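Just so you know, these numbers use all the heavy atoms, side chains as well, and skip hydrogens, waters and symmetry mates. A, B, ... follow the sequence lines: proteins, then strands. Residue 1 opens every chain. From a predicted model like this one, the values you see are computed outputs, not experimental measurements.
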There are 2 protein chains.
Amino acid sequence: MKISELSRLTGASVRSLRHYEEQGLLTPRRLDNGYREYHDLAVEQVRTIRFYLKLGLTTAQISGFLHCVMKNKEAFCEEVLPVYKKKLRELNEQIELLTAIRSNLEERIRSIHDERSALQGFDEK
Amino acid sequence: MKISELSRLTGASVRSLRHYEEQGLLTPRRLDNGYREYHDLAVEQVRTIRFYLKLGLTTAQISGFLHCVMKNKEAFCEEVLPVYKKKLRELNEQIELLTAIRSNLEERIRSIHDERSALQGFDEK
DNA sequence: AATAACCTTAACCTCAATGTTAAGGTTTAT
DNA sequence: ATAAACCTTAACATTGAGGTTAAGGTTATT
C-alpha cells in the first residue's frame, strides 16, 4: 500500500509516517517512481509505534526494541524494561515537581481570597 | 549598578536579565557608553520575576501584573488571580495525564515481571 | 600599550513530534 | 489534454527560558 492508505489505516499523518522512517522505525521499499510501498504488516507496526509514543517514549527509545517486540512478546525483549523504568523515574520526578508547584499555587490562591475577604470584612464594618 | 552586579545579587544569569528585558520585564536606563544601568529596586524586581517563573508562569503572563505587584499587595492586582487559575487548570491537566501514563507504565512493568516469573516457574518444573 | 575584565548586539541551539509550506514529479479520471 | 489527487524532498515553524558563541566596543589595571 502507499503512504496515504497507511495513514488512513493507522491514524498517523503522512508527515508522521515519513518522520518515523527518518528515525529508522519504518523502512518501506520504493516503487520505480520513487513512491513508498508498505507491507501489510506496516499497519501493525505503526500502531505499535504510536502505542509506545503515547507512553511517552521517544522514537529513539522505541527503535531500540521495536523489531524485537514485533516478533516476540514484550517480556522477551530485554531492552524494554530498562526503558520503562527510566521513563517511570522521569514521570515520578515530573509529577512530584508539578504537584509541588500546584500546592504552592493553591496556597497563593487561597491567601488572595483570604486577604480579599479580610478587606471586604473591613469595609463592611 | 551594572548587569553583572545585578546578576550576582539575584542569581539570574546575565543572559536571563537581557532576556527579561526583551520580554518587557525590566527596563534599565542606559549609560552614555550603552551599558545598562539598573536601579537598586531592580534586585527586588528580578527576584519577583524569578519567583513567578518558578510557579510556572511565562514572562508574558508575569509582564501582565509585574508592575502592579511591585507596588501593591498581590491580592490588590486583579490580573493575578485569573493567571493563577489558568495555570492551576493546566497543572491539573498535566498531572492527570502524567499520572495516567504512569499507571499504564506500572501495569506494563508488572506484567513483564509476571510473564517472566511465569516462564521462570515453567522452567523450574 | 597591552591585558584582563567588563560591556554590547545578534544569532543559533536545546527538546521532539508533527504541522505547514514550497516546488515539483506521477497517476488517474474526465 | 487538463485537472484532481496522488507522490517526492527539503526546510522552516512550534514551545520558551536561557546556554553558547561570535565579533567587537569600553574601562581599568599594570
Tell me: NZ of A/K54 to P of C/dA17, nearest whole Å? 15 Å
For residues 42-82 of chain A, pull every pair meeting ring pair (Phe, Tyr, Trp, His ring centres under 6.0 Å), keeping only residues two or more places apart or in separate chains. A/Y52-A/F65
Taking DNA chain C as the partner, which of residues 25-38 of chain B come within under 4.0 angstrom of it by heavy atom? B/R30, B/G34, B/Y35, B/R36
Full working for side-chain contact (heavy atoms from CB on, under 4.5 Å) between B/E79 and B/V83: CA-CA 7 Å; B/E79 287 83 357; B/V83 172; 5.6 Å; no
Identify, with sequence neighbours excluded, every residue that meets side chain to side chain contact (heavy atoms under 4.5 Å, CB included) alongside B/S111. B/E107
Quick one: which residue pairs count as a ring pair (Phe, Tyr, Trp, His ring centres under 6.0 Å) with a foot in residues 21-42 of chain B, not counting sequence neighbours? none
Would you call A/R30 and A/E37 a salt bridge, using N to O less than 4.0 angstrom? no
Are A/M1 and A/L31 connected, step by step, through hydrophobic side chains (Ile, Leu, Val, Met, Phe, Trp, Tyr) whose heavy atoms are closer than 4.5 Å? no
Overall bend - the helix from C/dA1-D/dT30 to C/dT30-D/dA1, comparing terminal axes fitted on five pairs, nearest 10 degrees: 40°
Members sharing B/L41's hydrophobic cluster (side chains within less than 4.5 Å): none
Please name all residues satisfying ring-ring contact (aromatic ring centres under 6.0 Å, His included) with B/Y84, sequence neighbours left out, ordered by chain then number. none
Rounded to the Å, how far apart are A/R8 CZ and D/dC7 P? 11 Å
A/E90 has an atom CD; how far is it from atom C1' of C/dA16, in whole Å? 13 Å
Which pairs would a plain distance check flag for residues 93-100 of chain B, meaning a side-chain donor or acceptor within less than 3.5 Å of a matching protein atom at least two apart in sequence or in another chain?
| unit_1 | atom_1 | unit_2 | atom_2 | d |
| --- | --- | --- | --- | --- |
| B/T99 | OG1 | B/I95 | O | 2.5 |

Can you tell me the distance, in whole Å, between the CD1 atom of A/I49 and the P atom of C/dA17? 11 Å
Pair B/E21 + B/R18: basic N to acidic O under 4.0 Å: no
Can you check the A/E5 CD to D/dC7 C1' distance for me, whole Å? 14 Å
Can you list the residues that meet the side-chain hydrogen bond (donor to acceptor under 3.5 Å, both in side chains) rule with A/S13, with sequence neighbours excluded? A/S16
Side chain to side chain contact (heavy atoms under 4.5 Å, CB included) involving A/S63 - partner list, sequence neighbours excluded: A/L25
I want to verify a distance call: between D/dC7, C/dT8, C/dC6, whose nearest atom is closest to the B/I3 side chain? C/dT8
Scoring nucleotides 11-22 of chain D by protein non-hydrogen atoms under 4.0 Å (B base, S sugar-phosphate only, - none) yields B-----BBBB--
Length of the line joining A/L17:CG and C/dA17:C1', which is rounded to integer Å: 13 Å
What protein N or O atoms touch nucleotides 1-5 of chain C N or O atoms at under 3.5 angstrom, if any, and at what distances?
none

Are any side-chain N or O atoms of B/S7 and backbone N or O atoms of B/A12, one a donor and one an acceptor, separated by less than 3.5 Å? yes
